[in-house]
Amino acid sequence: MPNAIPTIPVPENEPVLGFLPGSLERKTLNTELKRLGSEPIEIPLIIGGQEVRTGITVDAVVPHDHGHVLAKVHQAGPEEVAEAIRTSVEAQHDWSRMPYEARAAIFLKAADLLAGPWRKTFNASTMLNQSKTCHQAEIDASCELIDFFKFNCMYMQQIYQQVQPPVPGGGAAGGVWNQVECRPLEGFVYSITPFNFTSIAANLPHAPVLMGGVSVWKPSPSSLF
């Protein structure tokens, strides 16, 4: 059987881009703003990994231009909520048994994607749906969220390593070997996230999931994009 003891990479705070005139990040962000602002999309529910369209929708709009519709967002009813709970609890059986380093690897990969090809999209969508400046969006939707994903993985490993008492209860010669089994929360965590921070919208459901639990996420109705 494998006997490696993996170590989560030590994270560093994500550098904040400056968006100076003529910079590459400013050009790519302006292009993405135009693309997202000119192509209204349809946002389904995601239940059990499947897209669900109920036909009951609300508009996601630009706060400083209410007539500018960014998306039609499908709304959940009692049946969809019950199915979301059922599938999340069902998924926990295998997810909670996954090695912690494998769970961490998923979110570390997400952090790398956010720092790279998805950065402009997260920043632009936050600017459009939360009326933030490029600097506010960069600090929130990109840098803070990248840091959440990376630092939380390190904190998870520290919890697992430090919860074990280093000295057995019977003393060094007591013939006792302590063992602590860390178990995730049973059931599901209902994550209701605020309208004003993309990073919090991701971190609230992410943290219990990283620890082997499951979340049902309800984003703010005014920040659905």
Side-chain angles (χ1 to χ4, degrees), residues 6 8 11 14 43-54 56 58 60 71 73-114 118 122 125-126 129-130 139-164 180-225:
I8 302 296
E14 180 67 17
I43 301 179
L45 308 169
I46 304 295
I47 301 176
Q50 303 297 317
E51 295 185 354
V52 176
R53 292 170 171 81
T54 62
I56 303 172
V58 296
V73 187
H74 289 263
Q75 300 293 285
E79 293 183 3
E80 289 77 28
V81 171
E83 182 65 8
I85 294 171
R86 186 193 69 78
T87 56
S88 67
V89 173
E90 183 180 80
Q92 188 180 20
H93 179 274
D94 293 336
W95 175 252
S96 63
R97 288 163 174 77
M98 184 182 295
Y100 79 84
E101 65 271 17
R103 300 198 304 268
I106 293 172
F107 288 102
L108 292 175
K109 179 64 174 180
D112 289 341
L113 291 172
L114 179 53
W118 281 92
F122 269 61
S125 61
T126 297
N129 200 202
Q130 296 177 30
I139 293 168
D140 166 25
S142 291
C143 296
E144 187 170 4
L145 182 49
I146 292 167
D147 286 351
F148 274 142
F149 284 163
K150 290 185 175 182
F151 279 84
N152 283 355
C153 290
M154 179 185 70
Y155 298 148
M156 171 181 63
Q157 180 169 256
Q158 291 175 348
I159 289 172
Y160 288 151
Q161 291 176 341
Q162 295 174 5
V163 73
Q164 176 65 55
V180 175
E181 178 183 351
C182 294
R183 296 174 57 193
L185 293 172
E186 296 180 0
F188 68 99
V189 173
Y190 184 33
S191 302
I192 307 175
T193 56
F195 74 95
N196 55 336
F197 283 101
T198 300
S199 55
I200 297 177
N203 190 50
L204 284 185
H206 145 73
V209 168
L210 181 64
M211 298 301 294
V214 290
S215 294
V216 174
W217 176 41
K218 179 191 177 298
S220 168
S222 60
S223 187
L224 296 166
F225 189 63

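All heavy atoms count here, side chains included; hydrogens, waters and symmetry mates do not.
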Checklist entry - What salt bridge (Lys or Arg N to Asp or Glu O under 4.0 Å) pairs are there with at least one residue in residues 186-214, not counting sequence neighbours? => result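 Sorted result for residues 186-214: Arg183-Glu186.
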
Of all residues at least two apart in sequence or in a different chain, which pass the side chain to side chain contact (heavy atoms under 4.5 Å, CB included) check with [X]?
X: Ile46; result: Pro44, Glu51
X: Phe151; result: Pro11, Asn13, Asp147, Met154, Tyr155
X: Glu83; result: Ile47, Arg86, Thr87
X: Arg97; result: His93

Item to check | Candidate pair Val163 and Glu181, rule side-chain contact (heavy atoms from CB on, under 4.5 Å), full reasoning | outcome: CA-CA 9 Å; Val163 73; Glu181 178 183 351; over 6 Å; no

Between atom [atom1] of [X] and atom [atom2] of [Y], what is the distance when rounded to the nearest 0.5 Å?
X: Trp118; Y: Leu113; atom1: CH2; atom2: CG; answer: 9.0 Å
X: Leu45; Y: Gln75; atom1: CG; atom2: CD; answer: 7.5 Å
X: Leu145; Y: Lys150; atom1: CG; atom2: NZ; answer: 11.5 Å
X: Asp140; Y: Phe122; atom1: CG; atom2: CZ; answer: 10.5 Å
X: Met156; Y: Ile8; atom1: CE; atom2: CD1; answer: 5.0 Å

Over all atoms of both residues, closest heavy-atom pair of [X] and [Y]:
X: Val214; Y: Ser88; value: CG1-O, 3.3 Å
X: Pro184; Y: Gly213; value: CB-N, 3.7 Å
X: Pro6; Y: Glu101; value: CG-CD, 3.5 Å

Report all side-chain donor-acceptor pairs from residues 189-198 shorter than 3.5 Å, counting only partners two or more places apart or in another chain.
{"unit_1": "Thr193", "atom_1": "OG1", "unit_2": "Trp217", "atom_2": "NE1", "d": "3.0"}
{"unit_1": "Thr198", "atom_1": "OG1", "unit_2": "Thr126", "atom_2": "OG1", "d": "2.8"}
{"unit_1": "Thr198", "atom_1": "OG1", "unit_2": "Gln130", "atom_2": "NE2", "d": "3.0"}

Residues which pass side chain to side chain donor-acceptor pair (under 3.5 Å) with [X], listed by chain and number, not counting sequence neighbours:
X: Asn152; result: Asn203, His206
X: Glu80; result: none
X: Ser222; result: Ser220

Item to check | Those residues that, when tested against Glu14, pass salt bridge (Lys or Arg N to Asp or Glu O under 4.0 Å) (two or more places apart) | outcome: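 Glu14 satisfies salt bridge (Lys or Arg N to Asp or Glu O under 4.0 Å) with Arg119 only.
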
For a quick test of your reading: what N or O donor-acceptor pairs under 3.5 Å do the side chains of residues 103-110 make, sequence neighbours left out?
{"unit_1": "Arg103", "atom_1": "NE", "unit_2": "Leu210", "atom_2": "O", "d": "2.6"}
{"unit_1": "Arg103", "atom_1": "NH1", "unit_2": "Met98", "atom_2": "O", "d": "2.9"}
{"unit_1": "Arg103", "atom_1": "NH2", "unit_2": "Tyr160", "atom_2": "OH", "d": "2.8"}
{"unit_1": "Arg103", "atom_1": "NH2", "unit_2": "Leu210", "atom_2": "O", "d": "3.2"}

